[in-house]
Colleague: 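Just passing along the structure, written as structure tokens.
Sequence lines set the chain letters: A, B, ... in the order given, protein chains first and strands last, and positions in each chain run from 1.
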Amino acid sequence: TMLAVVTTDAVVDGEGLQRSLLEASRGTFERLDVDGGTSTNDTVLLLSSGASGLTPAEEEFTELLTEVCADLVRQLQHDAEGATKAIDITVRGAVSESDAVGIARLTAEDNLVCTALFGSDPNWGRIVMAVGRSGATVDASSLEVTVNGVTLYSRGAPVAERDTVDLSGRDVEILVDLHLGEHSATVLTTDLSHGYVEENSAYSS
Amino acid sequence: QTTGTVAQETSTGTPNGVTRPRGFRASGVAAGIKAGGSLDLALVVNDGPRREAAGVFTTNQVKAAPVLWSEQVLRERRLRAVVLNSGGANACTGPEGFQDTHTTAERAAELLDTGAIEIGVCSTGLIGQRLPMRALLDGLGAAVDGLADTERAGTDAATAVLTTDTRPKQACRTHPDGWSVGGMVKGAGMLAPNLA
């Protein structure tokens, strides 16, 4: 479950707060997917005291709110149950934003992708499999997969050996380029470790 | 701009979470909801002068009682305070569970001299179990007594909502003009928010 409370002393009316929160959430909280579990209790509340006496432009307020939410989400990613890797999955070249988000989320939730990364294995085959089963518009002949800066698969065939990718660190960047359109999205996730399984077999919420 | 980080790593005395913006106090207490005596009840209070609020909630069709409550009260776009507990999600607990949330809001409103419809409620923990209401309601009194606008108070609140998290999570930014945004969050598993 994710619970968040955000406060501001800017003068913003309730409708403005709601618009800003929806916008900020869409690019932050909703782009975190550790295990596919959308909770019964997920809540983000935003409160304004107006104590500063200052009224920012809505765009300016949304921008700062988004920065705070992004910071909180990054902390969630790094403290997720059993996480040994912080993985950013970026999909670009999609025909729509919903396709980009859908592919990134499905890849983030894929157990085979996440267990491979726990083992520091840049298993591009599992990534391609996840992309292909997403239901989004995908063309295998134009698909490209890059892990930590090394392009492993391009336009239908492997182009580099897996052992050329360094996954010894905590941070992992996966880039899936569909080469089909102009839309992109990034979803944050983690690996699937022994620690996650132990945590969730001992703590039964 | 000033960047907030994890409170444990930067104990500067300057609030770096929900108590950073002016007009807010917070607290976190051990009410006895969780076994073991750890902090489990948080309170965030808006002292105004304004009380505007907004919220986004899970799109899961099975919604916990506190979600149903908070969605309702936020239709007015006003909140005086938010009560948050760990140690129990109060989800799938039937009408009695919803009444527990209502009672929590009523008690907080009484202590803060406001209406229950200005109290948001959030819960996290095990699904399907009633909350220990005597402990929670007693703890609310302690939480009100402990309210402060300090770094410690904000961190206590951020700590009291933790479940399997290993550390409190807070962030803040201050605009060059002088207004701020601060926040706290918890979440470690069952973590794929889809909000609306």
Side-chain angles (χ1 to χ4, degrees), chain A residues 1-15 17-18 20-22 25 29-30 32-52 54 56 60-61 64-65 67-69 71-73 75-76 79-81 105 108-109 196 199-200 203-205, chain B residues 6 18 21-24 44 46-50 52-60 62-64 66-67 70 77-79 82 84 89 91 120 122-127 161 164-167 169 171-173 175 177-195:
Chain A
T1 293
M2 186 194 74
L3 299 181
V5 177
V6 182
T7 59
T8 182
D9 53 13
V11 178
V12 187
D13 66 27
E15 296 304 321
L17 288 176
Q18 189 68 35
S20 293
L21 182 57
L22 281 168
S25 294
F29 296 118
E30 293 183 37
L32 173 70
D33 191 336
V34 167
D35 53 16
T38 297
S39 168
T40 54
N41 291 59
D42 290 335
T43 300
V44 182
L45 298 176
L46 171 61
L47 287 71
S48 166
S49 69
S52 71
L54 299 166
E60 209 169 28
F61 177 72
L64 209 65
L65 174 65
E67 280 189 30
V68 168
C69 294
D71 188 335
L72 294 172
V73 166
Q75 293 181 51
L76 286 169
D79 195 32
E81 288 171 350
R105 284 191 79 107
E109 292 173 10
Y196 180 88
E199 189 80 66
N200 285 284
Y203 177 86
S204 57
S205 72
Chain B
V6 176
V18 293
R22 287 159 283 184
F24 290 95
V44 179
N46 180 357
D47 289 320
R50 301 167 69 101
E52 274 84 2
V56 287
F57 301 93
T58 182
T59 52
N60 192 316
V62 179
K63 297 182 196 300
V67 170
S70 296
R77 297 268 188 265
R78 288 171 60 85
L79 284 180
V82 184
L84 309 97
C122 302
S123 299
T124 181
L126 195 65
I127 292 172
V161 294
T164 54
D165 311 63
T166 65
R167 53 184 179 268
K169 302 166 189 64
C172 63
R173 299 287 188 280
H175 190 273
D177 289 348
W179 55 274
S180 298
V181 177
M184 65 181 199
V185 71
K186 66 80 52 182
M190 197 182 286
L191 193 55
N194 269 302
L195 304 161

Colleague: Please flag which part of A:Thr43 lies under 4.5 Å from any non-hydrogen atom of chain B: side chain, backbone, both or neither.
Modeller: both
Colleague: Whether the side chain of B:Thr58 engages the backbone of A:Thr40 through a donor-acceptor N/O pair (distance < 3.5 Å, no angle test) should be reported.
Modeller: no
Colleague: For the side chain of A:Ser49 and the backbone of B:Asp47, is there at least one donor-acceptor N/O pair under 3.5 Å apart?
Modeller: no
Colleague: Quick one: closest heavy-atom pair of B:Ala188 and A:Asp79, and the distance?
Modeller: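 Closest pair (atom of B:Ala188, atom of A:Asp79, distance): CB-O, 3.8 Å.
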Colleague: Find the one option among A:Leu65, A:Leu32, A:Leu21, A:Asp35 whose heavy-atom pairs under 4.5 Å with chain B are most numerous.
Modeller: A:Asp35
Colleague: Below 4.5 Å, heavy-atom pairs only: which of A:Pro56, A:Ser25, A:Cys69 has the largest tally toward chain B?
Modeller: A:Pro56
Colleague: In the structure I gave you, are the side-chain heavy atoms of B:Glu52 and A:Leu46 within less than 4.5 Å of one another anywhere?
Modeller: no
Colleague: If you tally heavy-atom pairs under 4.5 Å against chain A, which of B:Gly48, B:Ala91, B:Gly120, B:Gly178 wins?
Modeller: B:Gly48
Colleague: Do the non-hydrogen side-chain atoms of A:Leu54 and B:His175 ever get within less than 4.5 Å of each other?
Modeller: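 Of all side-chain heavy-atom pairs linking B:His175 with A:Leu54, none is under 4.5 Å.
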Colleague: What closest approach, in Å, do A:Asp33 and B:Ala192 show between heavy atoms, and which atom pair accounts for it?
Modeller: OD1-CB, 3.3 Å
Colleague: Taking all heavy atoms of B:Asn194 and all of A:Arg105, pick out the closest pair and write down the distance.
Modeller: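 Smallest heavy-atom distance, with atoms named: ND2-NH2, 3.3 Å.
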Colleague: Can you confirm whether B:Val185 sits close enough to A:Gln75 that some side-chain heavy atom of one is under 4.5 Å from a side-chain heavy atom of the other?
Modeller: no
Colleague: Which bit of B:Phe57 comes within less than 4.5 Å of chain A, counting heavy atoms only: side chain, backbone, both or neither?
Modeller: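 Both parts, backbone and side chain.
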Colleague: Just do the side chain to side chain contact (heavy atoms under 4.5 Å, CB included) check on A:Met2 and B:Thr124 with the steps written out, would you?
Modeller: CA-CA 8 Å; A:Met2 186 194 74; B:Thr124 181; over 6 Å; no
Colleague: Taking the side chain as every heavy atom from C-beta outward, state whether B:Arg173 and A:Asp71 have any atom pair closer than 4.5 Å.
Modeller: yes
Colleague: Who wins among B:Ala64, B:Pro66, B:Cys122, B:Ser70 for the most heavy-atom pairs under 4.5 Å with chain A?
Modeller: B:Ala64
Colleague: Is A:Val12 in contact with chain B via its backbone, its side chain, both, or neither, using a 4.5 Å heavy-atom distance?
Modeller: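 Interface part for A:Val12: backbone (N, CA, C, O).
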Colleague: Is the shortest side-chain heavy-atom distance between A:Asp42 and B:Leu195 below 4.5 Å?
Modeller: yes
Colleague: Begin with the C-alpha distance, continue with both residues' side-chain angles, and end with the deciding distance and a verdict on side chain to side chain contact (heavy atoms under 4.5 Å, CB included) for B:Met190 and A:Asn200.
Modeller: CA-CA 10 Å; B:Met190 197 182 286; A:Asn200 285 284; over 6 Å; no
Colleague: Give a yes or no on whether the backbone of A:Ser48 and the side-chain of B:Asn46 come within a donor-acceptor separation of less than 3.5 Å.
Modeller: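 A pair under 3.5 Å: yes.
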Colleague: Minimum heavy-atom separation for A:Thr38 to B:Pro193, with atom names?
Modeller: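 What the structure gives for the nearest pair is OG1-C, 4.5 Å.
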Colleague: Could you tell me which non-hydrogen atom of A:Thr8 sits nearest to which non-hydrogen atom of B:Ser180, and how far apart they are?
Modeller: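 It is OG1-O, 2.8 Å.
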Colleague: Mind listing the closest non-hydrogen atom pair of A:Leu76 and B:Lys169 along with its distance?
Modeller: CD2-CD, 3.8 Å
Colleague: I want to check something: taking the side chain as every heavy atom from C-beta on, are B:Arg77 and A:Leu17 in contact at a cut-off of under 4.5 Å?
Modeller: no
Colleague: With side chains defined as the heavy atoms from C-beta onward, is the minimum distance between A:Leu64 and B:Trp179 less than 4.5 Å?
Modeller: yes
Colleague: Considering only heavy atoms and a distance below 4.5 Å, find which of B:Gly182, B:Pro49, B:Gly187, B:Ala53 pairs most often with chain A.
Modeller: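 The residue among B:Gly182, B:Pro49, B:Gly187, B:Ala53 with the greatest pair count is B:Gly182.
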Colleague: Where on B:Leu79 is there a heavy atom nearer than 4.5 Å to chain A: the side chain, the backbone, both, or neither?
Modeller: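 Looking at B:Leu79, backbone and side chain both touch chain A.
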Colleague: Could you go step by step and tell me if B:Thr164 and A:Glu199 meet the side-chain hydrogen bond (donor to acceptor under 3.5 Å, both in side chains) rule?
Modeller: CA-CA 8 Å; B:Thr164 54; A:Glu199 189 80 66; 4.9 Å; no
Colleague: Side-chain contact, heavy-atom cut-off 4.5 Å: A:Ser39 with B:Asn60?
Modeller: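 No, side chains not in contact.
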Colleague: With a 4.5 Å cut-off on heavy-atom pairs, point out which of A:Leu45, A:Leu72, A:Val34 contacts chain B the most.
Modeller: A:Leu72
